[in-house]
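A short worksheet on the structure shown next.
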Protein chains: 2
Amino acid sequence: MSLKHVAAVAGVSPSTASRVLAGVDRNVDPELARRVRLACDELGYRVNAAARALRLQSTGSVALVVPAIANAYFCELVAAYSHRLDAGGRRLVTIDTNETLASETRQLGAMDRVLVDAVLVVPVDHRESAAAINDVMRNHTVVQVDRVAAGAGAPSVRLDNAAGMKLLVEHLREHGRRRIALIDAQERSSSSVERVEAFRALAGPHDSVMQMASFSMSSGTEAASRLLADRGTADAVICTADVVAIGVLTALQHGGLRVPAEVAIASFDGTSLTDVATPGLTSLRSPVDAIVTASLEIIDGGTACDVVVDPALVVRGSTVVGS
Amino acid sequence: MSLKHVAAVAGVSPSTASRVLAGVDRNVDPELARRVRLACDELGYRVNAAARALRLQSTGSVALVVPAIANAYFCELVAAYSHRLDAGGRRLVTIDTNETLASETRQLGAMDRVLVDAVLVVPVDHRESAAAINDVMRNHTVVQVDRVAAGAGAPSVRLDNAAGMKLLVEHLREHGRRRIALIDAQERSSSSVERVEAFRALAGPHDSVMQMASFSMSSGTEAASRLLADRGTADAVICTADVVAIGVLTALQHGGLRVPAEVAIASFDGTSLTDVATPGLTSLRSPVDAIVTASLEIIDGGTACDVVVDPALVVRGSTVVGS
DNA sequence: CTGAAAGCGCTTACAG
DNA sequence: CTGAAAGCGCTTACAG
């Protein structure tokens, strides 16, 4: 099962066997190479990951530590990183921390059992996540993505949440909305903190904030039932995740409210979910490709900077009739 | 950065330093232990994953290779495995193969760069995936989950798809449906093959099958628009994924069809998505916990058997008024 | 072109 | 209780 066995069967030294398998060093007698490959097939040999990584001091893998892949936005991030790394002969391993600090701490603490060159992390908590992140940094290149933890020494790539919120609120104001309900979740995440703060700064006396348990469609339906309970309180809704917005949209419609006539709905993220509802969902498209590019550049280039990317407002029928 | 440095700073041998850090072997002079821990903190030392794994011949990690985490069912699987392993001091690393054989082959081929003890794989293709799976088996304990590939030598844990389809069809028939449209995707997956085959065996002259591109809500909305185009063709829909069913349900309602009065909708999976729509979605609840338990038992026990689990029909308002 | 040797960083019998 | 030594499986200068 080891290279030594293969070499023995092929009648060569481990050095030669290694050269053949690595594909490096073209200068190997074709006949010997053939024997090595034959021996591999016979023995069902596969190189040992740990030994190889120990020797090379590198792996081709990157970890992405996300709070919850059930959130469509993180799904999109996973897909984008996975695709990009795959194209470059590397791979992504995703680790879910279930939006809990305890699990995040455990998972980051155990990164020394996972073979990766770098760690991309979406911190669960805007304060408490710092310790675990600083810990992983001892061993790994780390980049904070989408969210940050105060006191964490890792570079970051994130959205300009304040600018995004401003785009959404101004868009709704332009269309006459004066009673906007912000529906948020995971209030301990830095993005929530930033968004809620930006919203309050722009809010008028009739605007309000509602906190839900999680970024999920069911949070959306639950928020909608509260909204329906005091019908008329809100003439617009902003969700901090489009997966929530989809739930809100369909549930409000079922409750008999006309969208956007009676209630306008808009959200952050702008994943492909914005297409599935009727009407389409006005959202803030996150430049996922730019985020992926910037964070991988930090990892590969070793430059430790903080990058802020701009969202773009995409107007659809959920806020403006016929869009 | 290595244990040798730590030992040097603490004024002990690497052996002693290792004993202190591993926590094993309580018989270490408390004073030496203190010095070792101090040195660790000072130097920011963290154990090297590759070296440790090479020495111990084991890691505490398990890989789950899924076709697409955008499918809510796989999200649920990820969450369940992750939670269970986390509780046992192990961890899950998830790898997405994007429902393509090429990516799956690359990812499985590169499992020798990822540090895991075992690989749980949901094969993309019911035939072509076998080669890559047999390859990984050289190095790893492998279990096929949810789908299988013909010719793959790995044990498997899966749903009784034929029984599930029978439950759904009979339920719809009992409620008078005679024109059932089966909406499927990923027809090269073993689960699709089994489900479509079971459906055809039960199908009458007015039942039909529609194949979509992917398991996503947008596939559902697209399928719905086709259904609406020839209104009256179907009086019931079975989706092979509930994420698709949610798309179908909301889009059909927007198209003016009453559910379940004019069209009944039911699906496989039974994830938490079944709650978010109105009416609730009748579905075949997959026993995710049983799947997780069975597959981890195979991994841990080393027993190589094929396990088939039974789905349970959960009736909601999408097929029977008021359920 | 090929092989013997060193070494990646760790852990654990083994001897003291 | 502690340390010197061996070895996990691989790769790559180095010498030939």
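Residue numbers start from 1 in every chain, and the chains themselves are labelled A, B, ... in the order their sequence lines are given, proteins ahead of strands.
Residues A/Phe74 and A/Thr94 fail the side-chain proximity criterion, which asks for heavy atoms closer than 4.5 Å. Counting only heavy atoms from C-beta outward, the side chains of B/Leu296 and B/Leu85 approach each other to under 4.5 Å. Side-chain atoms of B/Met111 and B/Ile95, non-hydrogen and from C-beta on, do get closer than 4.5 Å to each other.
Closest to the B/Ser15 side chain, of the nucleotides D/dG3, D/dT2, C/dG3, is D/dG3. Nearest nucleotide to the A/Val12 side chain, out of D/dT11, C/dG3, C/dT11: C/dG3. The side chain of A/Ser13 approaches C/dG3 more closely than any other nucleotide in the set C/dG3, D/dT12, D/dC10. For B/Leu32, taking side-chain heavy atoms from C-beta onward, the closest of the listed nucleotides D/dG9, C/dG3, D/dT2 is D/dT2. Nearest to the side-chain atoms of A/Leu3 among the listed nucleotides C/dT12, C/dC8, D/dT11 stands D/dT11. For B/Ser2, the listed nucleotide lying nearest its side chain is C/dC10; candidates were C/dA4, C/dC8, C/dC10. Nearest to the side-chain atoms of A/Arg55 among the listed nucleotides D/dC8, C/dT11, D/dT12 stands D/dT12.
Here B/Thr16 reaches the OP1 or OP2 of D/dG3: one of its side-chain N or O atoms lies under 4.0 Å away. For B/Gln57 and D/dG9, the shortest distance from a side-chain N or O to OP1 or OP2 is below 4.0 Å.
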Next item on the list: Give the C-alpha distance, both sets of side-chain angles, the deciding distance and a yes or no for salt bridge (Lys or Arg N to Asp or Glu O under 4.0 Å) between A/Asp29 and A/Arg35.
Entry: CA-CA 10 Å; A/Asp29 186 295; A/Arg35 290 201 328 241; over 6 Å; no

Note to self: With salt bridge (Lys or Arg N to Asp or Glu O under 4.0 Å) as the criterion, how do A/Arg147 and A/Glu104 come out once you've worked through the C-alpha distance, each side chain's angles and the decisive distance to 0.1 Å?
What the structure shows: CA-CA 14 Å; A/Arg147 305 179 185 171; A/Glu104 180 182 69; over 6 Å; no

Notebook entry, point to check: Given A/Arg90 and A/Asp300, is the salt bridge (Lys or Arg N to Asp or Glu O under 4.0 Å) satisfied, shown in steps?
Noted result: CA-CA 12 Å; A/Arg90 293 191 282 180; A/Asp300 296 331; 2.9 Å; yes

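The CG atom of A/Asp112 sits 15 Å away from the C1' atom of C/dT11 (whole-angstrom rounding). Protein atom CG of A/Leu115 is 14 Å distant from nucleotide atom P of D/dC10, rounded to whole Å. What separates CG of A/Leu54 from C1' of C/dG9 is a distance of 5 Å, to the nearest Å. To the nearest angstrom, P of C/dG3 lies 10 Å from CG of A/Asp29. Atom pair A/Leu56:CG and C/dG7:P shows a separation of 17 Å (rounding to whole Å applied). Atom CZ of A/Arg35 and atom P of C/dT2 are 9 Å apart (whole Å).
Taking only distance into account, the side chain of B/Arg19 meets the base of D/dG3 through a donor-acceptor pair shorter than 3.5 Å.
A gap of 16 Å separates the C1' atoms of D/dG16 and D/dT12, to the nearest Å.
Considering every non-hydrogen atom in both A/Pro67 and A/Val124, the closest pair reads CB-CG2, 4.4 Å. Closest approach of B/Val114 and B/Val93 over heavy atoms only: CG1-CG2, 4.4 Å.
Near DNA chain C, defined here as any heavy-atom distance below 4.0 Å, the residues from residues 45-53 of chain B are B/Tyr45, B/Val47, B/Asn48, B/Ala51, B/Arg52, listed numerically.
When atom types are taken as modelled, the side chain of A/Arg158 and the backbone of A/Asp146 share no donor-acceptor pair closer than 3.5 angstrom.
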Checklist line | Dot-bracket line, read 5' to 3' along DNA chain D, where crossing pairs take [ ] and | marks a partner on another strand, Watson-Crick or G-U under 3.5 Å | finding: |||.||||||||.|||

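A donor-acceptor pair shorter than 3.5 Å can be found between the side chains of A/Asp306 and A/Ser156.
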